[in-house]
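Take a look at the structure set out below.
Naming: A, B, ... by sequence-line order, numbering from 1 per chain.
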Number of protein chains: 2
Amino acid sequence: MPIAQRHPSAIEEIANDCIAFRVRILGRAVSAIYDQTMANVGMSISQVNIMVFVGKVGRVNPSLIGAKMAMEKSTVSRNLKGLIDDGLLEAELSDGDRIKSVGLTEEGRRRVETVLPDWRRAQSLVKKMLGPTGAGAMVDLGNQLLHKA
Amino acid sequence: MPIAQRHPSAIEEIANDCIAFRVRILGRAVSAIYDQTMANVGMSISQVNIMVFVGKVGRVNPSLIGAKMAMEKSTVSRNLKGLIDDGLLEAELSDGDRIKSVGLTEEGRRRVETVLPDWRRAQSLVKKMLGPTGAGAMVDLGNQLLHKA
DNA sequence: CCCGAAAAGTTGTACCTACAACAATGCTGT
DNA sequence: ACAGCATTGTTGTAGGTACAACTTTTCGGG
């Protein structure tokens with residue numbers, strides 16, 4: 001005869017299993033390390049990530065950034081605005097002044113080189129925090145998502 | 001004699017290896033699924049996670065929430081405020097009206113039960129997105145961080 | 001070519017987040 | 001008991017994020 005099932009409360013179930021809970025904590029913990037480490041050059045990890053993405057793929061339109069980076073289009077719009085104003089991205093505009101595409105400027109490219117040492121320190125700290133296995137798992141998981149998008 | 005090393009640009013290096021890049025994309029993608037799935041009950045995954053954490057550990061002071069959930073104390077302060085105003089958390093206050101500790105109210109507990117079905121749908125969608133292996137890795141990584149904190 | 005629908009970008013609004021500066025609380029040694 | 005210091009919580013400010021509503025652009029079928 002079947003063994004009586006234990007019925008964990010909603011709280012137990014969510015606390016024990018929730019993926020969002022864990023992803024979000026991880027995101028805050030990891031982002032904080034990069035942001036703090038790169039603060040001396042006045043760049044956030046959010047900004048660096050966008051510049052690197054644009055620099056890697058070349059000229060892109062905002063919607064592709066959103067698709068690949070899982071960002072809502074309005075978020076992309078505002079984030080690009082800041083980087084363009086700072087001269088780190090260069091935009092091709094439509095008649096109505098909408099961003100048709102962006103590319104990394106030379107200044108942007110130099111800026112990425114500038115943050116590299118700090119980025120490396122942060123990356124190393126995070127690897128230590130997650131352990132080699134954890135860090136590897138995280139990269140694999142991210143790549144899987146990136147290649148799917 | 002040693003083989004000449006290829007020198008990837010800063011862009012290549014960061015794009016290929018950055019853990020923050022991947023964690024943050026994952027965080028947005030995952031959070032969006034939970035938020036959209038639970039929108040009909042008017043709760044965000046952020047709120048549910050805090051309620052569940054408080055419900056699980058019982059009466060806690062804000063600083064512990066921050067420590068365990070990797071949230072800055074000011075963030076905790078504001079997030080608790082909302083849940084208290086909504087009657088989902090109950091606060092013990094100091095003379096100066098500062099929050100000494102919070103606990104889950106009965107209404108809060110019921111609310112968690114209410115979102116459970118939607119939470120399960122979201123959880124299932126995310127598991128599908130990450131695959132069983134990926135989801136497992138994510139939970140392990142999160143637990144590791146939680147137990148260390 | 002043109003019309004209508006779909007896709008893409010922007011703006012208003014609101015929530016989540018963090019840092020800095022400040023205020024209140026708690027603790028420790030004498 | 002209490003003076004000084006460390007911890008804890010709040011508020012000002014600013015960036016990151018998403019949804020809804022709107023505008024502009026693009027794209028396909030007549």
message: What is the separation between atom CE on Met71(B) and atom C1' on dT10(D), rounded to the nearest whole Å?
response: 17 Å
query: What is the distance from NZ of Lys68(B) to P of dT8(D), rounded to the nearest Å?
result: 14 Å
message: Quick check for you: name the first and last nucleotides of DNA chain C, 5' to 3', having an atom under 4.0 Å from a heavy atom of chain A.
response: dA8(C) to dC19(C)
query: Under the 3.5 Å rule, do the base of dT25(D) and the side chain of Arg98(A) count as making a donor-acceptor pair?
result: no
message: Need one value for Ser44(B): base, sugar-phosphate or nothing, where a base atom within 4.0 Å counts as base even if backbone is also close, heavy atoms only.
response: sugar-phosphate
query: Does one side chain, of Thr105(A) or Glu107(A), offer a donor that lies under 3.5 Å from an acceptor on the other?
result: no
message: What contact category does Ser74(B) fall into here, base, sugar-phosphate, or nothing, at under 4.0 angstrom with non-hydrogen atoms?
response: base
- request: For Ala70(A), answer base if it contacts any base atom (sugar-phosphate contacts may also be present), sugar-phosphate if it contacts only those atoms, and nothing otherwise; contact means non-hydrogen atoms under 4.0 Å.
  value: sugar-phosphate
query: So what does Thr75(A) hit on the nucleic acid, given a heavy-atom distance under 4.0 Å: a base, only sugar-phosphate, or nothing?
result: base
- prompt: NA contact type, Asp35(A), heavy-atom cut-off 4.0 Å: base, sugar-phosphate, or nothing?
  reply: nothing
task: Please work out if Arg78(B) contacts a base, only the sugar-phosphate, or nothing of the nucleic acid, heavy-atom cut-off 4.0 Å.
output: base
- prompt: OP1 or OP2 of dG9(D) less than 4.0 angstrom from a side-chain nitrogen or oxygen of Ser63(B), does that happen here?
  reply: yes
- line: Overall bend of the helix from dC1(C)-dG30(D) to dT30(C)-dA1(D) (five pairs an end, 10° steps) is 30°
query: So which one's nearest nucleotide on DNA chain D is more toward 5', Asp97(A) or Lys73(A)?
result: Lys73(A)
